[in-house]
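Excluded from the calculations below are hydrogen atoms, water molecules and symmetry mates; all remaining heavy atoms, backbone and side chain alike, are included. Computed from a predicted model, the values in this text were never measured in an experiment. The residues of the chain are indexed from 1 along the displayed sequence.
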Amino acid sequence: MKQGLEELSAGLAGWSSDTGARVAAADLLEIVEKLLESGAPSAEDRDTWLEYLDATRRPGFLLDLPDDGARTRWAETTFPLIEHLGFGFEDLLRQRAAEHPGRAFLRELEGGEVRDWSYETIRRRLRTIASVFWSTQEEPPRVAIISENTLDGACCDLACLTYDILDTPLNPHFNAEDLSWIFDTLEINTVVVETEEIRTRVESLRSATQTPFHIFILDPDAVVSGESESILGQAMAQVGPEEANRILADRPRKGVTDLATVMFTSGSTGRPKGVQYTVYTLISKRFARAAALPKVGTEEVLFCFLPLYHTFGRYLELTGMLFWGGTYVFAGNPSLETLLAGLKNVRPTGLISIPRRWQQIKDRCLEEMGSSGEKSVRSAAFRRVVGDRLRWGLSAAGALEPAAFHFYQRHGVELCSGFGMTEATGGITMTPPGAYEDNTVGVPLPGLKARLSDEGELQISGHYIARYLGDPPPSPSDDYWLPTGDIFRRRENGYFEIIDRIKDIYKNSKGQTVA
(Lines give C-alpha, C1' and ligand atoms only; values in the text may rest on other atoms or scores of the structure.)
Protein backbone atom coordinates (compact mmCIF):
# COMPACT_ATOMS: atom_id res chain seq x y z
CA MET A 1 0.00 0.00 0.00
CA LYS A 2 2.73 2.47 0.98
CA GLN A 3 4.67 1.84 -2.22
CA GLY A 4 1.53 2.26 -4.29
CA LEU A 5 0.77 5.58 -2.62
CA GLU A 6 4.30 6.76 -3.32
CA GLU A 7 3.83 5.82 -6.99
CA LEU A 8 0.51 7.66 -7.02
CA SER A 9 2.00 10.78 -5.44
CA ALA A 10 4.89 10.79 -7.93
CA GLY A 11 2.52 10.23 -10.84
CA LEU A 12 0.22 13.05 -9.76
CA ALA A 13 3.04 15.58 -9.73
CA GLY A 14 3.01 15.95 -13.51
CA TRP A 15 -0.79 16.19 -13.70
CA SER A 16 -1.04 18.74 -10.89
CA SER A 17 1.16 21.25 -12.74
CA ASP A 18 2.01 22.23 -16.28
CA THR A 19 5.66 21.35 -15.83
CA GLY A 20 7.52 18.07 -15.68
CA ALA A 21 7.00 14.68 -17.25
CA ARG A 22 3.59 13.04 -16.96
CA VAL A 23 2.82 9.42 -16.26
CA ALA A 24 0.32 8.14 -18.83
CA ALA A 25 -3.22 8.61 -17.55
CA ALA A 26 -4.00 4.92 -18.11
CA ASP A 27 -0.99 3.90 -16.00
CA LEU A 28 -1.99 6.25 -13.18
CA LEU A 29 -5.54 4.89 -13.29
CA GLU A 30 -4.21 1.34 -12.97
CA ILE A 31 -2.17 2.32 -9.90
CA VAL A 32 -5.28 3.76 -8.26
CA GLU A 33 -7.44 0.75 -9.10
CA LYS A 34 -4.90 -1.56 -7.47
CA LEU A 35 -4.72 0.67 -4.39
CA LEU A 36 -8.50 0.66 -3.99
CA GLU A 37 -8.64 -3.10 -4.47
CA SER A 38 -6.25 -3.50 -1.53
CA GLY A 39 -8.43 -1.52 0.87
CA ALA A 40 -10.42 1.63 1.56
CA PRO A 41 -8.53 4.94 1.39
CA SER A 42 -7.13 6.07 4.72
CA ALA A 43 -7.78 9.48 6.27
CA GLU A 44 -4.02 9.73 6.84
CA ASP A 45 -3.52 9.87 3.08
CA ARG A 46 -6.38 12.31 2.49
CA ASP A 47 -4.24 15.03 0.92
CA THR A 48 -2.90 12.65 -1.72
CA TRP A 49 -6.35 11.38 -2.58
CA LEU A 50 -7.74 14.94 -2.73
CA GLU A 51 -4.97 15.79 -5.17
CA TYR A 52 -6.00 12.78 -7.26
CA LEU A 53 -9.64 13.93 -7.36
CA ASP A 54 -8.59 17.44 -8.33
CA ALA A 55 -5.85 16.70 -10.88
CA THR A 56 -7.63 13.93 -12.78
CA ARG A 57 -11.02 15.65 -13.23
CA ARG A 58 -9.48 17.92 -15.88
CA PRO A 59 -9.81 17.49 -19.65
CA GLY A 60 -6.07 16.93 -20.10
CA PHE A 61 -6.15 13.78 -17.98
CA LEU A 62 -9.53 12.49 -19.15
CA LEU A 63 -8.64 12.90 -22.83
CA ASP A 64 -5.33 11.11 -22.25
CA LEU A 65 -7.31 8.02 -21.25
CA PRO A 66 -7.76 5.72 -24.26
CA ASP A 67 -11.56 5.53 -24.50
CA ASP A 68 -14.95 5.99 -22.83
CA GLY A 69 -14.54 2.68 -21.03
CA ALA A 70 -11.38 3.91 -19.32
CA ARG A 71 -13.12 7.15 -18.36
CA THR A 72 -15.94 5.13 -16.81
CA ARG A 73 -13.33 3.16 -14.85
CA TRP A 74 -11.85 6.48 -13.70
CA ALA A 75 -15.28 7.63 -12.47
CA GLU A 76 -15.65 4.37 -10.56
CA THR A 77 -12.41 5.11 -8.68
CA THR A 78 -13.74 8.48 -7.54
CA PHE A 79 -16.92 7.13 -5.93
CA PRO A 80 -15.32 5.26 -2.98
CA LEU A 81 -12.99 8.21 -2.43
CA ILE A 82 -15.92 10.60 -2.12
CA GLU A 83 -17.60 8.28 0.36
CA HIS A 84 -14.63 7.29 2.55
CA LEU A 85 -12.91 10.69 2.57
CA GLY A 86 -16.12 12.62 3.16
CA PHE A 87 -15.34 14.72 0.08
CA GLY A 88 -17.95 17.47 -0.14
CA PHE A 89 -18.71 20.96 -1.35
CA GLU A 90 -16.40 22.58 1.19
CA ASP A 91 -13.52 20.62 -0.35
CA LEU A 92 -14.61 21.57 -3.88
CA LEU A 93 -14.87 25.25 -3.01
CA ARG A 94 -11.54 25.25 -1.18
CA GLN A 95 -9.81 23.65 -4.19
CA ARG A 96 -11.25 26.10 -6.71
CA ALA A 97 -10.60 29.17 -4.57
CA ALA A 98 -7.02 28.03 -4.02
CA GLU A 99 -6.42 27.41 -7.72
CA HIS A 100 -7.94 30.59 -9.15
CA PRO A 101 -9.25 32.86 -6.35
CA GLY A 102 -9.90 35.80 -8.67
CA ARG A 103 -11.73 33.94 -11.43
CA ALA A 104 -15.43 34.76 -11.74
CA PHE A 105 -17.64 31.99 -10.38
CA LEU A 106 -20.97 33.85 -10.53
CA ARG A 107 -21.74 36.72 -12.89
CA GLU A 108 -24.71 39.08 -12.81
CA LEU A 109 -25.95 41.16 -15.73
CA GLU A 110 -28.03 44.10 -14.58
CA GLY A 111 -29.00 47.09 -16.68
CA GLY A 112 -26.16 46.52 -19.10
CA GLU A 113 -23.62 46.27 -16.28
CA VAL A 114 -21.56 43.17 -15.53
CA ARG A 115 -20.75 42.24 -11.94
CA ASP A 116 -18.40 39.34 -11.27
CA TRP A 117 -18.17 37.43 -8.00
CA SER A 118 -14.88 35.55 -7.70
CA TYR A 119 -14.37 32.11 -6.22
CA GLU A 120 -12.68 33.53 -3.14
CA THR A 121 -15.36 36.19 -2.67
CA ILE A 122 -18.11 33.58 -2.96
CA ARG A 123 -16.28 31.27 -0.54
CA ARG A 124 -16.26 34.02 2.09
CA ARG A 125 -19.86 34.95 1.31
CA LEU A 126 -21.08 31.38 1.76
CA ARG A 127 -19.35 31.16 5.13
CA THR A 128 -21.07 34.35 6.28
CA ILE A 129 -24.51 33.21 5.08
CA ALA A 130 -24.13 29.82 6.73
CA SER A 131 -23.03 31.40 10.00
CA VAL A 132 -26.12 33.65 9.94
CA PHE A 133 -28.37 30.62 9.46
CA TRP A 134 -26.62 28.64 12.20
CA SER A 135 -26.78 31.54 14.69
CA THR A 136 -30.44 32.42 14.12
CA GLN A 137 -32.00 29.25 15.53
CA GLU A 138 -31.43 27.23 18.70
CA GLU A 139 -32.14 24.10 16.67
CA PRO A 140 -30.13 23.22 13.53
CA PRO A 141 -31.40 25.37 10.65
CA ARG A 142 -33.70 23.77 8.10
CA VAL A 143 -33.97 26.20 5.21
CA ALA A 144 -36.53 26.77 2.47
CA ILE A 145 -35.42 29.07 -0.39
CA ILE A 146 -38.25 30.64 -2.38
CA SER A 147 -36.74 32.68 -5.18
CA GLU A 148 -36.28 32.93 -8.88
CA ASN A 149 -32.70 32.76 -10.12
CA THR A 150 -30.72 35.32 -8.14
CA LEU A 151 -27.16 35.48 -6.92
CA ASP A 152 -28.13 35.62 -3.25
CA GLY A 153 -30.61 32.77 -3.67
CA ALA A 154 -27.91 30.63 -5.30
CA CYS A 155 -25.45 31.56 -2.56
CA CYS A 156 -27.94 30.56 0.15
CA ASP A 157 -28.34 27.16 -1.50
CA LEU A 158 -24.59 26.64 -1.85
CA ALA A 159 -24.02 27.79 1.74
CA CYS A 160 -26.43 25.13 2.97
CA LEU A 161 -24.92 22.38 0.82
CA THR A 162 -21.42 23.36 1.94
CA TYR A 163 -21.99 23.82 5.67
CA ASP A 164 -24.26 20.96 6.77
CA ILE A 165 -27.65 22.69 6.56
CA LEU A 166 -30.69 20.85 5.23
CA ASP A 167 -32.35 22.99 2.56
CA THR A 168 -34.95 22.89 -0.18
CA PRO A 169 -35.15 25.34 -3.11
CA LEU A 170 -38.84 25.81 -3.87
CA ASN A 171 -40.74 26.91 -6.93
CA PRO A 172 -42.14 30.40 -6.16
CA HIS A 173 -45.35 29.34 -7.93
CA PHE A 174 -46.21 26.67 -5.36
CA ASN A 175 -49.54 27.46 -3.69
CA ALA A 176 -49.99 28.10 0.03
CA GLU A 177 -51.35 24.62 0.74
CA ASP A 178 -48.32 22.93 -0.84
CA LEU A 179 -45.90 25.28 0.91
CA SER A 180 -47.49 24.60 4.29
CA TRP A 181 -47.27 20.86 3.71
CA ILE A 182 -43.60 21.13 2.70
CA PHE A 183 -42.76 23.32 5.71
CA ASP A 184 -44.37 20.82 8.08
CA THR A 185 -42.88 17.78 6.36
CA LEU A 186 -39.32 19.14 6.57
CA GLU A 187 -39.82 21.09 9.81
CA ILE A 188 -38.63 24.27 8.14
CA ASN A 189 -37.50 26.92 10.63
CA THR A 190 -35.73 29.33 8.25
CA VAL A 191 -37.23 30.74 5.06
CA VAL A 192 -35.35 32.78 2.45
CA VAL A 193 -37.60 34.83 0.16
CA GLU A 194 -36.64 37.00 -2.78
CA THR A 195 -39.30 39.74 -2.57
CA GLU A 196 -41.78 41.41 -0.25
CA GLU A 197 -44.59 39.84 -2.28
CA ILE A 198 -43.30 36.33 -1.51
CA ARG A 199 -42.69 37.40 2.11
CA THR A 200 -46.37 38.36 2.42
CA ARG A 201 -47.44 34.95 1.08
CA VAL A 202 -45.11 33.14 3.47
CA GLU A 203 -46.24 35.26 6.43
CA SER A 204 -49.77 33.98 5.87
CA LEU A 205 -48.53 30.44 6.51
CA ARG A 206 -47.47 31.03 10.12
CA SER A 207 -50.84 30.05 11.58
CA ALA A 208 -51.02 26.95 9.38
CA THR A 209 -47.57 25.47 10.07
CA GLN A 210 -46.36 23.60 13.13
CA THR A 211 -42.79 24.93 13.34
CA PRO A 212 -42.10 28.67 13.89
CA PHE A 213 -39.81 30.10 11.23
CA HIS A 214 -37.60 33.13 10.68
CA ILE A 215 -37.80 34.90 7.31
CA PHE A 216 -34.75 36.34 5.55
CA ILE A 217 -35.57 38.71 2.69
CA LEU A 218 -33.10 39.05 -0.18
CA ASP A 219 -34.43 42.42 -1.37
CA PRO A 220 -32.26 44.99 0.48
CA ASP A 221 -34.97 47.65 0.19
CA ALA A 222 -37.75 45.56 1.73
CA VAL A 223 -39.53 46.77 4.86
CA VAL A 224 -39.13 44.38 7.81
CA SER A 225 -42.05 43.84 10.12
CA GLY A 226 -41.30 42.21 13.45
CA GLU A 227 -38.42 40.32 15.08
CA SER A 228 -39.10 37.17 13.09
CA GLU A 229 -37.89 38.83 9.88
CA SER A 230 -34.52 40.15 8.70
CA ILE A 231 -32.89 41.52 5.58
CA LEU A 232 -30.27 38.92 4.75
CA GLY A 233 -27.64 41.47 3.73
CA GLN A 234 -28.03 43.38 7.01
CA ALA A 235 -27.73 40.18 9.03
CA MET A 236 -24.58 39.25 7.12
CA ALA A 237 -23.04 42.67 7.77
CA GLN A 238 -23.20 41.98 11.52
CA VAL A 239 -21.06 38.81 11.28
CA GLY A 240 -17.31 39.29 10.95
CA PRO A 241 -14.88 36.68 9.61
CA GLU A 242 -13.67 35.59 13.05
CA GLU A 243 -17.21 35.12 14.36
CA ALA A 244 -18.17 33.21 11.23
CA ASN A 245 -15.17 30.93 11.73
CA ARG A 246 -16.17 30.31 15.34
CA ILE A 247 -19.80 29.57 14.51
CA LEU A 248 -18.94 27.19 11.70
CA ALA A 249 -16.23 25.43 13.69
CA ASP A 250 -18.81 24.57 16.36
CA ARG A 251 -21.55 23.37 14.01
CA PRO A 252 -22.68 19.72 14.04
CA ARG A 253 -21.25 17.90 11.03
CA LYS A 254 -23.06 15.62 8.62
CA GLY A 255 -21.59 12.72 6.73
CA VAL A 256 -21.67 12.73 2.94
CA THR A 257 -24.30 9.97 3.01
CA ASP A 258 -26.65 11.85 5.34
CA LEU A 259 -29.67 13.68 4.00
CA ALA A 260 -28.48 17.05 2.64
CA THR A 261 -31.27 18.54 0.56
CA VAL A 262 -34.74 17.88 -0.85
CA MET A 263 -36.21 18.99 -4.16
CA PHE A 264 -39.90 18.96 -4.98
CA THR A 265 -41.24 18.18 -8.41
CA SER A 266 -44.32 20.08 -9.55
CA GLY A 267 -46.29 16.95 -10.40
CA SER A 268 -49.22 17.07 -12.79
CA THR A 269 -51.63 16.07 -10.01
CA GLY A 270 -51.57 15.90 -6.22
CA ARG A 271 -48.86 17.02 -3.86
CA PRO A 272 -45.37 17.91 -5.10
CA LYS A 273 -43.14 14.86 -4.85
CA GLY A 274 -40.12 15.24 -2.56
CA VAL A 275 -36.79 13.77 -3.67
CA GLN A 276 -33.93 13.30 -1.18
CA TYR A 277 -30.26 13.86 -1.96
CA THR A 278 -27.05 13.38 -0.03
CA VAL A 279 -23.79 15.19 -0.68
CA TYR A 280 -22.48 11.87 -1.99
CA THR A 281 -25.33 11.79 -4.52
CA LEU A 282 -24.54 15.28 -5.76
CA ILE A 283 -20.75 15.03 -5.86
CA SER A 284 -20.62 11.57 -7.44
CA LYS A 285 -22.86 12.86 -10.23
CA ARG A 286 -20.39 15.63 -11.01
CA PHE A 287 -17.54 13.16 -11.51
CA ALA A 288 -19.79 10.91 -13.59
CA ARG A 289 -20.76 13.82 -15.84
CA ALA A 290 -17.10 14.82 -16.20
CA ALA A 291 -16.30 11.32 -17.46
CA ALA A 292 -19.09 11.64 -20.04
CA LEU A 293 -17.98 15.15 -21.14
CA PRO A 294 -14.16 14.89 -21.08
CA LYS A 295 -13.58 18.01 -23.19
CA VAL A 296 -15.56 20.23 -20.81
CA GLY A 297 -13.74 22.05 -18.05
CA THR A 298 -11.34 24.61 -19.52
CA GLU A 299 -12.43 28.17 -18.61
CA GLU A 300 -16.10 27.28 -19.13
CA VAL A 301 -18.78 29.95 -19.23
CA LEU A 302 -22.46 28.97 -19.10
CA PHE A 303 -25.30 31.39 -19.81
CA CYS A 304 -28.04 30.02 -17.57
CA PHE A 305 -31.79 30.47 -17.57
CA LEU A 306 -32.98 27.09 -16.24
CA PRO A 307 -34.59 27.38 -12.78
CA LEU A 308 -32.35 26.73 -9.79
CA TYR A 309 -35.22 24.88 -8.11
CA HIS A 310 -34.93 22.13 -10.76
CA THR A 311 -32.14 19.64 -11.24
CA PHE A 312 -30.48 20.68 -14.50
CA GLY A 313 -30.20 24.32 -13.46
CA ARG A 314 -29.15 23.57 -9.90
CA TYR A 315 -26.79 20.69 -10.54
CA LEU A 316 -25.48 20.59 -14.12
CA GLU A 317 -25.19 24.37 -14.39
CA LEU A 318 -24.58 25.77 -10.88
CA THR A 319 -22.68 23.00 -9.09
CA GLY A 320 -21.29 21.91 -12.46
CA MET A 321 -19.53 25.23 -12.84
CA LEU A 322 -18.18 24.88 -9.30
CA PHE A 323 -16.85 21.43 -10.19
CA TRP A 324 -15.31 22.54 -13.49
CA GLY A 325 -14.01 25.83 -12.12
CA GLY A 326 -16.08 27.81 -14.64
CA THR A 327 -18.36 30.84 -14.63
CA TYR A 328 -22.14 30.69 -14.15
CA VAL A 329 -23.87 33.70 -15.73
CA PHE A 330 -27.40 34.60 -14.62
CA ALA A 331 -29.63 35.17 -17.64
CA GLY A 332 -32.18 37.18 -15.66
CA ASN A 333 -35.21 35.72 -17.43
CA PRO A 334 -35.89 32.73 -19.70
CA SER A 335 -37.15 34.65 -22.77
CA LEU A 336 -35.81 33.89 -26.23
CA GLU A 337 -34.69 37.47 -26.80
CA THR A 338 -32.73 37.48 -23.53
CA LEU A 339 -31.09 34.20 -24.53
CA LEU A 340 -30.15 35.46 -28.00
CA ALA A 341 -28.72 38.68 -26.59
CA GLY A 342 -26.75 36.71 -24.00
CA LEU A 343 -25.26 34.40 -26.61
CA LYS A 344 -23.79 37.45 -28.34
CA ASN A 345 -22.69 39.38 -25.27
CA VAL A 346 -21.73 36.67 -22.78
CA ARG A 347 -20.16 34.42 -25.44
CA PRO A 348 -20.73 31.18 -23.48
CA THR A 349 -18.71 28.05 -24.14
CA GLY A 350 -21.66 25.76 -23.38
CA LEU A 351 -25.44 25.92 -23.18
CA ILE A 352 -27.96 23.65 -21.43
CA SER A 353 -31.43 24.17 -22.84
CA ILE A 354 -34.81 22.70 -23.63
CA PRO A 355 -35.50 21.53 -27.22
CA ARG A 356 -37.77 24.45 -28.05
CA ARG A 357 -35.01 26.98 -27.43
CA TRP A 358 -32.48 25.00 -29.50
CA GLN A 359 -34.96 24.96 -32.38
CA GLN A 360 -35.61 28.70 -32.02
CA ILE A 361 -31.88 29.47 -32.01
CA LYS A 362 -31.47 27.34 -35.14
CA ASP A 363 -34.32 29.23 -36.83
CA ARG A 364 -32.67 32.56 -35.99
CA CYS A 365 -29.37 31.27 -37.42
CA LEU A 366 -31.11 30.30 -40.66
CA GLU A 367 -32.68 33.74 -40.88
CA GLU A 368 -29.24 35.29 -40.48
CA MET A 369 -27.77 32.99 -43.11
CA GLY A 370 -30.42 33.90 -45.67
CA SER A 371 -30.19 32.13 -48.99
CA SER A 372 -26.41 32.03 -49.14
CA GLY A 373 -24.94 28.64 -49.93
CA GLU A 374 -21.36 29.69 -49.29
CA LYS A 375 -19.91 27.85 -46.30
CA SER A 376 -17.88 30.76 -44.92
CA VAL A 377 -20.87 33.11 -45.09
CA ARG A 378 -23.15 30.62 -43.34
CA SER A 379 -20.52 29.92 -40.69
CA ALA A 380 -20.04 33.63 -39.97
CA ALA A 381 -23.82 34.11 -39.72
CA PHE A 382 -24.09 31.16 -37.33
CA ARG A 383 -21.44 32.64 -35.07
CA ARG A 384 -23.11 36.06 -35.09
CA VAL A 385 -26.09 34.39 -33.42
CA VAL A 386 -24.50 31.90 -31.00
CA GLY A 387 -21.25 33.71 -30.23
CA ASP A 388 -17.70 32.81 -31.12
CA ARG A 389 -16.99 30.44 -28.17
CA LEU A 390 -20.00 28.11 -28.05
CA ARG A 391 -18.66 24.58 -28.55
CA TRP A 392 -20.97 22.20 -26.65
CA GLY A 393 -24.51 21.87 -25.45
CA LEU A 394 -27.16 19.54 -24.11
CA SER A 395 -30.80 19.26 -25.13
CA ALA A 396 -33.06 17.44 -22.67
CA ALA A 397 -36.61 17.40 -21.24
CA GLY A 398 -38.23 16.73 -24.61
CA ALA A 399 -37.69 15.72 -28.20
CA LEU A 400 -35.60 17.69 -30.71
CA GLU A 401 -35.54 16.70 -34.36
CA PRO A 402 -32.32 15.01 -35.57
CA ALA A 403 -31.83 17.73 -38.20
CA ALA A 404 -31.26 20.26 -35.42
CA PHE A 405 -28.52 18.16 -33.81
CA HIS A 406 -26.77 17.74 -37.19
CA PHE A 407 -27.12 21.47 -37.87
CA TYR A 408 -25.27 22.47 -34.69
CA GLN A 409 -22.66 19.74 -35.07
CA ARG A 410 -21.90 20.85 -38.65
CA HIS A 411 -21.20 24.32 -37.32
CA GLY A 412 -18.85 23.30 -34.51
CA VAL A 413 -21.22 22.93 -31.55
CA GLU A 414 -21.26 19.41 -30.12
CA LEU A 415 -24.94 19.24 -29.17
CA CYS A 416 -25.77 16.09 -27.20
CA SER A 417 -29.18 14.53 -26.68
CA GLY A 418 -30.03 13.56 -23.11
CA PHE A 419 -32.70 12.14 -20.88
CA GLY A 420 -32.95 12.76 -17.15
CA MET A 421 -35.13 12.97 -14.06
CA THR A 422 -35.14 14.76 -10.74
CA GLU A 423 -34.79 11.33 -9.13
CA ALA A 424 -31.52 10.70 -10.99
CA THR A 425 -29.90 13.99 -9.90
CA GLY A 426 -30.40 15.10 -13.48
CA GLY A 427 -29.09 13.12 -16.43
CA ILE A 428 -29.62 9.39 -16.97
CA THR A 429 -28.48 8.93 -20.55
CA MET A 430 -26.65 11.09 -23.10
CA THR A 431 -25.37 10.69 -26.63
CA PRO A 432 -21.56 10.75 -26.31
CA PRO A 433 -19.85 13.78 -27.88
CA GLY A 434 -19.01 12.99 -31.48
CA ALA A 435 -21.28 9.93 -31.50
CA TYR A 436 -24.81 11.27 -31.86
CA GLU A 437 -27.37 8.81 -33.22
CA ASP A 438 -30.71 9.97 -34.63
CA ASN A 439 -33.82 9.64 -32.45
CA THR A 440 -31.97 8.36 -29.40
CA VAL A 441 -31.06 9.75 -26.00
CA GLY A 442 -27.74 7.94 -25.92
CA VAL A 443 -26.21 5.58 -23.40
CA PRO A 444 -26.31 5.49 -19.58
CA LEU A 445 -23.94 7.88 -17.85
CA PRO A 446 -21.01 6.45 -15.87
CA GLY A 447 -21.98 5.25 -12.40
CA LEU A 448 -25.45 4.22 -13.52
CA LYS A 449 -26.99 0.86 -14.48
CA ALA A 450 -30.08 0.60 -16.66
CA ARG A 451 -32.44 -2.23 -17.54
CA LEU A 452 -35.83 -2.66 -19.18
CA SER A 453 -38.80 -4.36 -17.54
CA ASP A 454 -40.94 -6.87 -19.39
CA GLU A 455 -43.15 -3.93 -20.45
CA GLY A 456 -40.11 -1.96 -21.66
CA GLU A 457 -40.09 0.52 -18.77
CA LEU A 458 -36.62 1.88 -18.06
CA GLN A 459 -35.36 1.09 -14.56
CA ILE A 460 -32.19 2.66 -13.18
CA SER A 461 -29.78 2.06 -10.33
CA GLY A 462 -26.51 3.64 -9.30
CA HIS A 463 -24.51 6.03 -7.17
CA TYR A 464 -26.66 9.13 -7.70
CA ILE A 465 -30.16 7.69 -7.86
CA ALA A 466 -32.10 9.55 -5.18
CA ARG A 467 -34.96 8.42 -2.91
CA TYR A 468 -38.40 9.81 -2.22
CA LEU A 469 -39.34 11.42 1.07
CA GLY A 470 -40.34 8.74 3.54
CA ASP A 471 -37.70 6.33 2.26
CA PRO A 472 -34.23 6.01 3.82
CA PRO A 473 -31.69 8.42 2.25
CA PRO A 474 -29.77 6.92 -0.69
CA SER A 475 -26.75 4.80 0.19
CA PRO A 476 -23.82 3.90 -2.11
CA SER A 477 -24.23 0.22 -1.21
CA ASP A 478 -27.96 -0.04 -1.96
CA ASP A 479 -29.19 -2.29 -4.75
CA TYR A 480 -32.10 0.03 -5.43
CA TRP A 481 -33.85 0.16 -8.79
CA LEU A 482 -36.02 3.14 -9.70
CA PRO A 483 -38.76 2.77 -12.30
CA THR A 484 -38.70 5.85 -14.55
CA GLY A 485 -42.25 5.64 -15.87
CA ASP A 486 -40.99 5.80 -19.47
CA ILE A 487 -41.00 3.10 -22.11
CA PHE A 488 -37.73 2.61 -24.03
CA ARG A 489 -36.16 0.44 -26.67
CA ARG A 490 -32.48 -0.45 -26.43
CA ARG A 491 -30.73 -0.65 -29.79
CA GLU A 492 -28.08 -3.26 -30.53
CA ASN A 493 -25.29 -0.71 -29.95
CA GLY A 494 -26.60 0.11 -26.47
CA TYR A 495 -28.29 3.41 -27.33
CA PHE A 496 -31.70 4.02 -25.78
CA GLU A 497 -34.71 5.26 -27.71
CA ILE A 498 -37.85 6.64 -26.05
CA ILE A 499 -40.99 4.87 -27.27
CA ASP A 500 -43.72 6.22 -25.02
CA ARG A 501 -44.35 7.97 -21.73
CA ILE A 502 -46.51 6.55 -19.01
CA LYS A 503 -47.33 10.10 -18.01
CA ASP A 504 -47.52 12.40 -21.00
CA ILE A 505 -46.11 15.57 -19.44
CA TYR A 506 -43.37 18.08 -20.20
CA LYS A 507 -41.59 20.99 -18.55
CA ASN A 508 -41.80 24.44 -20.10
CA SER A 509 -39.09 27.12 -20.05
CA LYS A 510 -40.27 28.30 -16.60
CA GLY A 511 -39.72 24.85 -15.15
CA GLN A 512 -43.45 24.21 -14.81
CA THR A 513 -44.79 20.72 -15.50
CA VAL A 514 -47.67 20.78 -17.99
CA ALA A 515 -49.98 17.85 -18.70
Side-chain angles (χ1 to χ4, degrees), residues 88-90 92-94 97 105-106 108 115 117-170 172 183 186-196 198-199 202-203 205-206 209 211-254 259-262 279 308-309 314 318-319 322:
F89 285 97
E90 190 169 9
L92 270 183
L93 192 60
R94 185 185 300 113
F105 172 26
L106 302 179
E108 294 178 288
R115 186 176 186 186
W117 295 77
S118 71
Y119 274 85
E120 178 56 30
T121 299
I122 291 297
R123 189 189 70 84
R124 294 197 302 266
R125 191 172 185 81
L126 300 192
R127 292 183 64 80
T128 303
I129 291 172
S131 66
V132 168
F133 290 163
W134 274 109
S135 62
T136 301
Q137 303 285 351
E138 294 183 3
E139 299 295 325
R142 302 171 73 88
V143 179
I145 301 169
I146 309 176
S147 173
E148 298 291 354
N149 289 11
T150 64
L151 180 133
D152 281 332
C155 285
C156 287
D157 185 21
L158 289 172
C160 292
L161 293 175
T162 304
Y163 295 106
D164 305 292
I165 299 171
L166 176 70
D167 81 327
T168 178
L170 298 176
F183 283 18
L186 297 184
E187 299 179 341
I188 295 297
N189 58 20
T190 304
V191 184
V192 177
V193 300
E194 179 186 356
T195 64
E196 287 186 280
I198 299 176
R199 185 271 310 275
V202 171
E203 277 285 1
L205 305 179
R206 290 194 185 278
T209 54
T211 304
F213 52 81
H214 190 95
I215 297 177
F216 286 101
I217 309 172
L218 300 182
D219 181 359
D221 298 321
V223 177
V224 173
S225 57
E227 295 182 355
S228 59
E229 294 182 6
S230 306
I231 303 296
L232 180 62
Q234 294 177 2
M236 291 170 61
Q238 298 173 17
V239 179
E242 292 185 4
E243 185 179 1
N245 291 341
R246 177 187 59 78
I247 292 170
L248 295 180
D250 293 339
R251 77 187 190 275
R253 303 297 178 93
K254 291 183 178 182
L259 177 61
T261 185
V262 179
V279 167
L308 286 173
Y309 44 82
R314 189 187 189 198
L318 182 61
T319 67
L322 174 57

Task: Criterion side chain to side chain contact (heavy atoms under 4.5 Å, CB included) against C156, the qualifying member of T190, I145, T150 - done: I145
Task: Pair R94 + E90: basic N to acidic O under 4.0 Å - done: yes
Open item on the list: Suppose the criterion is side chain to side chain donor-acceptor pair (under 3.5 Å): which pairs have a residue in residues 235-250, not counting sequence neighbours?
Closed with: R127-N245
Taking the side chain from [X] and the backbone from [Y], do they hold a donor-acceptor pair closer than 3.5 Å?
| X | Y | value |
| --- | --- | --- |
| R123 | S118 | no |
| Q137 | N189 | yes |
| E108 | R115 | no |
| S131 | L248 | no |
| T162 | A159 | no |
| E196 | V223 | yes |
| D219 | T195 | no |
| R125 | I122 | no |
| R124 | P241 | no |
| W117 | L151 | no |

Open item on the list: Could you check whether R314 makes a cation-pi contact with Y309, meaning its NZ or CZ is under 6.0 Å from the centre of the six-membered ring and within 45° of the ring axis?
Closed with: no
Open item on the list: I'd like to check D167 versus P141 (side-chain heavy atoms, cut-off strictly below 4.5 Å). Are they in contact?
Closed with: no
Task: Where at least one partner belongs to residues 136-147, residue pairs that pass salt bridge (charged side-chain N to carboxylate O under 4.0 Å, His left out), sequence neighbours excluded - done: none
Task: Mutual orientation of the aromatic rings belonging to F183 and F213 [parallel < 30°, tilted 30-60°, perpendicular > 60°] - done: perpendicular
